[in-house]
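Encoded as structure tokens, the structure appears first; notes follow it.
Within every chain, numbering begins at 1; the chains are lettered A, B, ... in the order of the sequence lines, protein sequences first and strands thereafter. These numbers come from the heavy atoms of this one structure, side chains and all, not from hydrogens, waters or symmetry mates.
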Amino acid sequence: MLSMTGIRKEFPGVVALDDVAFRMFPGEVHALMGENGAGKSTLIKVLTGAYHVDAGNISLNGSAVRFAGPLQAQQAGISTVYQEVNLCPNLSVAENIFIGREPRRLGRIHWTAMKNRSAELLRRLDLDIDPGRELGSCSIAVQQLVAIARAVDVSARVLVLDEPTSSLDADEVATLFGVVRTLRDQGMAILFVSHFIEQVFAISDRMTVLRNGKLVGEYRASEITPVDLVRAMIGRELATLDELEPPRRRSGAGQAPVFAATVDLGRKGNIEPFTLDIREGEVVGLAGLLGSGRTELVRLLFGADRADQGSLRLGESTVHLRSPRAAIARGVAFCPENRKADGLVEDLTVRENIVLALQARRGWARPLPRRRQEELARSFIDRLRIRPADPEALVGNLSGGNQQKVLLARWLLTEPRLLILDEPTRGIDIGAKAEIQKLIAELAEDGMAVLFVSAELEEVLRVSHQVAVLRDRAVVDRMPNEGLTPDMVLHTIAKGEAA
Amino acid sequence: MSPLDPRYLPIAATVAILLAAYVFGVGRYDAFSDGQVLLNILVDNAFLLVVAVGMTFVILTGGIDLSVGSVVALATVMCAVLTEQAGLPAVLVIPIVLATGALLGLGMGSVIHYFEIQPFVVTLAGMFLARGLAYTLSTESISMDDGVFTAIAQTPVPLPGGLHLSISATIAVCVVLVAAYLLHYTRLGRTVYAIGGNKRSAFLMGLPVARTRVTVYTISGFCAALGGVLLTFYTLSGNSLNAVGLELDAIAAVVIGGTVLMGGFGFVLGTVLGVFVLGLIQTLIIFEGTLSSWWTRIAIGVMLLLFILLQRLIVWRAR
Amino acid sequence: GGSGGGDSITLGFAQVGAESGWRTANTKSVRQAARDAGIELKFSDAQQKQENQIKAIRSFIQQRVDVIAFSPVVESGWDTVLKEAQRADIPVVLTDRAIDSPDTSLYETFLGSDFVEEGRKAGRWVTEEFGDAEGTVRIAELQGTTGSAPANDRKQGFAEVIGNDAKYKIVASQTGDFTRAKGKEVMEAFLKSAGEIDVLYAHNDDMALGAIEAIEGAGLKPGEDIKIVSVDGVKDALQAAADGEINYVVECNPLLGPQLMDLVKKVAAGEQVPKRVEVEETAFDQQAAEKALPDRKY
Amino acid sequence: MTVLRSLARHRLFWPAAVMAVLLALNVALTPSFFSIQVRDGHLYGSLIDILRFGAPLILVALGMTLVVATRGIDLSVGSVVAISGAVACLWISELPEQNSVAGVLAALGIALGVALVLGLWNGFLVSVIGIQPIIATLILMVAGRGLAQLVTGGQIITVNSGPYRLLGGGYWFGLPASIIVALGMVAAAALLVRRSALGMLVESVGGNPEASRLAGIRSRRILVVVYAWCALCAGLAGLMISSNVSSADGNNAGLWIELDAILAVVLGGTLLSGGRFSLGGTVLGALLIQTLTTTVYTLGIPPESTLLFKALVVTAVCLIQSPAFRARLSRRRRPPAPTAGRSQRDAATEAEVTA
Ligand SMILES: Nc1ncnc2c1ncn2[C@@H]1O[C@H](COP(=O)(O)OP(=O)(O)OP(=O)(O)O)[C@@H](O)[C@H]1O
Ligand SMILES: Nc1ncnc2c1ncn2[C@@H]1O[C@H](COP(=O)(O)OP(=O)(O)OP(=O)(O)O)[C@@H](O)[C@H]1O
Ligand SMILES: [Mg+2]
Ligand SMILES: [Mg+2]
């Protein structure tokens with residue numbers, strides 16, 4: 001139904017796609033796989049006309065097409081969720097879903113109908129939020145779901161989903177897959193990108209693997225094993241997938257001194273007062289459902305939002321954080337979930353983004369020597385495998401996963417005493433993810449306190465010594481990670497009290 | 001606090017301050033309570049209002065249009081030259097002038113969008129161009145005694161209570177209503193907001209970014225030309241030195257009205273209030289009538305500051 | 001007259017702005033004279049914008065002042081608002097600049113100077129000075145702000161006079177925006193690109209003063225190598241004339257406050273006044289400048 | 001060839017090329033245009049004039065560059081120019097001995113001090129109160145002009161002070177002092193910004209304010225510093241302008257210079273949406289504008305057509321600088337060549353947005 005052949009796309013200095021072929025069939029889910037920077041998103045943008053293609057052919061239903069822009073692609077029945085949430089933060093949720101095809105009456109936009117219909121659509125995705133709410137104030141996960149809601153509503157023939165699940169938890173993923181399967185059964189062709197191997201195998205019928213902008217191969221899901229798939233992606237031999245994954249943590253840290261402790265810290269309208277302590281050398285994972293307040297909790301600890309009640313002790317002194325700067329000065333680092341809005345400065349280079357926090361702490365008068373900056377940048381480029389491995393590349397030009405690595409590098413570099421990571425592995429490929437998990441373990445071993453947030457419960461359980469559970473913006477439980485299984489945690493979440 | 005949508009807070013704040021300033025004026029100056037004083041703010045600023053409404057569209061997309069003042073001047077000169085010197089009838093002249101403004105806007109919008117040049121420079125070049133064209137047409141100021149222009153200029157629109165508006169002011173009110181409708185109830189309007197929120201996202205969402213951006217500058221050019229026509233009614237003359245620096249007044253009105261210069265947030269109603277703020281400041285100063293030239297400027301600056309500080313304060317408190 | 005406050009006269013005065021020292025002297029004179037004459041003055045500064053002036057006049061009407069006076073920013077475009085004044089029975093006095101309305105009933109009288117005549121005076125001086133010079137007389141002209149009435153008129157008057165003889169040639173003409181800094185900058189460029197220059201005609205003194213510095217910088221003697229004639233007659237210019245750097249200054253008198261107040265009183269009392277009153281103005285050569293210098297106030 | 005091509009890729013190549021064309025135009029009309037003579041022991045010539053009259057604009061634009069890099073804009077520079085000149089001249093005119101160096105230095109110090117205070121005020125409004133920069137500085141633009149007139153009493157204050165003349169109209173080592181001062185400031189700024197971390201932090205604050213806050217950058221302080229610096233530059237430019245004509249004109253000094261300054265910044269390749277900035281580009285932009293002005297004089301373009309000419313040149317510079325425009329031009333002839341340079345990403349992604 002849709003086929004692309006001989007696709008080539010060059011950016012200044014980088015060949016992002018080189019002679020790539022890709023095809024889709026109605027009633028099938030086709031997964032596009034590859035490491036960070038392999039060219040998946042670029043292929044999608046080439047398909048929808050968001051990028052001009054340098055060479056190659058695209059045909060839809062047998063006739064050659066070349067879209068001048070996403071508008072045309074949409075009109076031709078291709079509906080897309082791009083990787084970075086590409087919505088308008090200043091508009092309401094409902095508008096983001098319907099803009100461009102608002103329900104109208106007598107030629108004017110019918111606002112009530114729009115609100116009602118979007119509420120309905122959101123319910124279909126199990127999302128209960130006010131359609132009138134400004135999108136920018138919603139968490140990344142919600143934004144991702146809104147983008148999906150926007151895409152699935154069109155009477156499209158092709159649905160393209162670029163990492164739609166990167167910040168969704170298991171429940172939402174299940175809901176999404178339900179929707180996707182229905183659409184597939186109605187004969188829609190679906191392109192799906194994800195770094196979660198299990199998800200890919202759970203949903204897709206066919207897979208295409210890219211590596212370094214080149215086509216590796218196309219496989220039927222039933223004819224390939226996860227190990228082979230990963231091997232195709234990373235291009236090296238693997239015995240088992242476990243080779244990539246570090247062993248699971250057990251509760252440790254024992255009786256090391258407490259580094260951070262809150263007593264009834266809270267903020268009206270954001271998060272209920274909570275009491276939590278984190279020891280040096282201990283990784284505390286935060287588990288909870290979408291909107292349970294994990295992000296809000298960690299923002300309070302970092303002073304990104306100001307607490308209006310309770311107290312916080314960092315190290316030896318009780319502090320009242322008025323700004324992130326105050327937190328940083330006391331050895332706290334915070335890697336935010338929304339890398340685009342809160343994290344990276346896209347106009348600056350990889351090097352500059354990496355040293356930014358360190359430089360901010362030193363103040364403007366004591367610049368890091370250029371040579372030192374390069375050393376630091378290079379060491380993280382190597383460790384986290386940032387591609388392209390060029391410290392002078394502009395961060396805005398990097399692929400999503402690589403951007404995330406840069407952000408992470410910035411905070412690892414500051415060598416904090418408490419490292420807060422909000423969805424640090426969002427959009428990162430399995431190889432690098434394992435690397436990061438290993439790194440966290442090492443850091444903790446060296447005495448760093450870590451607060452770890454992830455929508456992927458597995459991951460939380462793998463890296464943390466302790467798991468704190470949130471529900472309805474309150475901390476409901478905290479348990480040592482001994483023999484914990486995802487089900488046990490989910491049970492706690494569901495019940496809203498200690499298991 | 002009442003559950004007022006935070007987006008409307010700046011507007012509510014501005015209304016409150018405007019009221020306070022008005023009450024202050026009524027208490028201090030005898031003739032101030034005359035309802036005509038308020039209406040005159042509208043009558044005297046009708047052209048600014050129209051220009052500012054056009055500017056609102058542009059700023060909402062995150063752009064800026066510096067050419068409006070010059071386009072206003074060009075429009076007045078064109079009106080005068082075409083009627084007085086070329087002898088064309090007003091019914092022909094006015095459409096020609098409006099089309100010229102729209103065309104200039106269209107040109108600038110196209111260059112801005114298709115060649116990706118910053119709006120600031122393009123419209124600055126447009127500003128030079130329009131003023132240069134006005135000079136080329138005439139460096140003298142030209143009086144007009146065309147029947148239609150005179151009639152429109154001098155026919156008051158009676159209101160109850162012995163008050164009256166001008167036809168220009170009525171046109172300005174219509175423009176405001178049309179603009180509010182466009183922005184709130186049409187796809188064009190919503191796309192304007194979307195582009196202001198994030199141009200790239202708007203593009204990826206499949207919105208007609210190119211068309212909308214060009215349209216927005218066309219609207220602004222049209223509004224500027226219309227403002228020029230209204231100014232021609234107002235002064236019954238054409239003068240190439242008209243409206244120097246008007247672009248700043250227009251931008252100020254838009255921004256005081258709560259529209260964010262980066263785009264994406266704001267309302268036409270805010271712009272109306274912004275124009276009223278500027279007009280009221282001026283009226284207060286004229287009524288005071290004792291300030292020297294420099295104290296006049298200082299007072300304008302200080303009152304502007306007060307308005308904005310109060311606005312911020314109210315918004316802060318309410319949050 | 002209106003029904004303003006009791007027995008004293010209220011005068012609404014809408015000034016152009018404060019764009020030059022000349023204008024400020026004009027404003028000061030009006031204020032001082034109003035105070036001396038016991039007239040209550042409502043003053044408004046239009047910042048060079050006609051719209052603002054119209055607004056001011058409108059608000060004067062609202063406030064029912066007894067007399068309105070204003071220096072129009074431009075000549076045209078006053079009919080509507082002046083009709084309103086007429087309807088409200090408030091007499092209007094024009095100062096400094098005239099308006100071109102055919103309906104002269106809209107104002108009682110005009111008090112001010114004739115810019116075209118000033119240009120002619122400058123031109124006449126040039127023709128006298130170079131009457132018997134051989135060959136072409138090469139003239140550089142520093143114009144005022146493009147499109148402004150004094151610039152247009154002074155240019156026109158000057159051109160009228162020198163246009164009679166082909167030997168006078170304007171070899172360079174550019175706007176200096178009525179300021180010293182621009183006058184200097186433009187003159188520097190003239191000196192390099194326009195070749196020999198015999199006379200400089202500046203539309204106001206400030207540009208001439210700036211040009212003098214440029215001429216000196218080029219190693220020439222202002223007033224000798226290049227003759228200079230300018231308009232206005234501010235103190236610094238008379239000083240320069242006395243020092244031999246400017247040859248001729250055409251006066252444009254800003255001090256019309258006392259004359260204005262006389263007219264205002266008469267108009268308010270309903271007396272008949274002449275439709276046009278000229279301000280007393282002269283012109284200075286270098287000797288006259290030296291003599292006038294001690295009592296120059298502006 | 002390759003050298004040429006890599007030169008052509010440099011983002012300042014095109015403005016520089018336009019400037020060269022303008023200069024060539026001048027030479028064609030006035031053959032002596034490039035000649036630089038030594039007169040009374042100092043350099044004299046049209047090129048020197050361009051630098052000399054361009055010096056104040058360079059200064060103002062220099063300050064403006066950093067403000068623009070933080071996503072701001074400073075409309076008040078014109079007023080600051082007027083105020084600082086007025087303050088200095090007022091002070092000097094009241095000295096018993098106008099030629100006293102100490103007195104003049106004090107005047108300069110006070111004037112710059114006042115400018116600094118005004119800059120701090122702008123910075124305060126923008127960073128602490130959180131007013132949008134264009135409005136915050138509009139306040140000072142309006143009121144500041146009034147302040148300048150208040151200081152001068154609406155008249156022109158003429159001073160007669162040798163030492164004061166030096167700054168704007170005098171010569172050091174045969175070179176106009178204003179050029180030396182302006183270049184000195186440019187060098188100082190470049191050093192300050194690129195040798196310290198200030199430049200990077202400014203670009204970060206301009207590029208993404210929220211991310212910068214979360215990275216622990218003191219954005220407020222940086223904003224204040226930047227506005228203060230901008231006002232300081234404007235103040236110095238004001239001194240230069242007033243010293244050049246030995247007088248202070250509170251009404252007209254620096255009128256509309258903010259537009260020229262912003263234009264210089266933008267022509268120099270800095271985006272008004274903040275982020276990356278280029279001091280060298282700004283200097284080039286300012287010189288381009290001054291060359292344009294001078295060209296108008298030498299070509300003898302009548303004042304009523306000056307603006308048309310300016311519109312033409314500005315449009316030409318912008319178009320030729322725009323990668324999209326060049327791509328469109330060359331797409332007609334041959335397949336597109338990849339554009340390179342500073343705004344790689346912008347060039348690439350924006351081109352897509354345009355489609
Ligand atoms: N606008 C651009 N300019 C320059 N290079 C780009 C641009 N966009 C993408 N690239 C480069 O193209 C390559 C492919 O990027 P792409 O975003 O397609 O990767 P991806 O497979 O989606 O990776 P991820 O899993 O991290 O999202 C990367 O090397 C990236 O640096
Ligand atoms: N279902 C929901 N209903 C209402 N508000 C929600 C919901 N989900 C998220 N939000 C809002 O989104 C914002 C972000 O929530 P927060 O990011 O703290 O949640 P989280 O636990 O980090 O979840 P996420 O997985 O979405 O990141 C909060 O303002 C929260 O109120
Ligand atoms: Mg991707
Ligand atoms: Mg979260």
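- Neither side chain, D:E304 nor C:T146, offers a donor N or O lying under 3.5 Å from an acceptor on the other.
- For the set D:T158, D:T30, D:N26, the entry with the most heavy-atom pairs within less than 4.5 Å of chain C is D:T158.
- Only the side chain of D:T293 comes within contact range of chain C, with at least one heavy atom under 4.5 Å from a heavy atom of that chain.
- For chain D, the option among C:R180, C:E185, C:Q143, C:K182 with the highest count of heavy-atom pairs below 4.5 Å is C:E185.
- When heavy atoms are compared at a cutoff of 4.5 Å, D:N244 approaches chain C by way of both its backbone and its side chain.
- Inter-residue side-chain proximity for C:I228 and C:Y248 is flagged as unmet; no heavy-atom pair is nearer than 4.5 Å.
- Under a cutoff of 6.0 Å and an axis angle of 45°, C:K184 and D:F53 do not form a cation-pi pair.
- Between C:F190 and C:I197 there is a side-chain heavy-atom pair separated by less than 4.5 Å.
- Contacts of D:R52 with chain C are made by side-chain atoms alone, with heavy-atom separations under 4.5 Å and no backbone atom involved.
- Remark: D:R145 CZ to D:S76 OG distance equals 10.5 Å, nearest 0.5 Å.
- There is no contact between C:A194 and chain D, counting heavy-atom distances below 4.5 Å.
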>> If you apply the rule side chain to side chain contact (heavy atoms under 4.5 Å, CB included), what do you find for C:D225 with C:I215, and how did you get there?
In response: CA-CA 9 Å; C:D225 297 325; C:I215 296 172; 5.8 Å; no

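- For chain D, the nearby part of C:D206 is the side chain; its heavy atoms alone come within less than 4.5 Å.
- Using a 4.5 Å heavy-atom threshold, the side chains of C:N152 and C:Q156 count as separate.
- When the candidates D:S247, D:S32, D:G168 are compared by the number of heavy-atom contacts under 4.5 Å with chain C, D:S247 comes out ahead.
- When heavy atoms are compared at a cutoff of 4.5 Å, C:T175 approaches chain D by way of both its backbone and its side chain.
- Side-chain atoms of C:R97 and C:S71 form no donor-acceptor pair, as typed in the model, at a separation below 3.5 Å.
- Heavy atoms of D:I301 lying under 4.5 Å from chain C belong exclusively to its backbone.
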> So C:I226 and C:V199, side chain to side chain contact (heavy atoms under 4.5 Å, CB included) or not? Walk me through it.
Replying inline: CA-CA 5 Å; C:I226 296 178; C:V199 195; 5.9 Å; no

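- Only the side chain of C:E213 has a heavy atom closer than 4.5 Å to any heavy atom of chain D.
- Side-chain contact check for C:S173 and C:E141: at least one donor-acceptor pair (N or O, by modelled atom type) lies under 3.5 Å.
- Side chain to side chain, C:D100 and C:S76 fail the donor-acceptor criterion of an N or O pair below 3.5 Å.
- Using a 4.5 Å cut-off between heavy atoms, D:S35 makes no contact with chain C at all.
- Checked by atom type, the side-chain pair C:Q32/C:D36 shows a donor-acceptor distance below 3.5 Å.
- For a heavy-atom cut-off of 4.5 Å, chain D lies close to C:A18, C:E19, C:S20, C:G21, C:T24, C:A25, C:K28 in residues 15-30 of chain C.
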> When you look at C:V250 and C:S230, which way does the side chain to side chain contact (heavy atoms under 4.5 Å, CB included) test go after all the steps?
Replying inline: CA-CA 6 Å; C:V250 177; C:S230 71; over 6 Å; no

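- Contact of D:S46 with chain C is made through backbone and side chain together, with heavy-atom distances under 4.5 Å.
- Here D:T298 is the residue among D:T294, D:D249, D:T298 with the most heavy-atom pairs under 4.5 Å with chain C.
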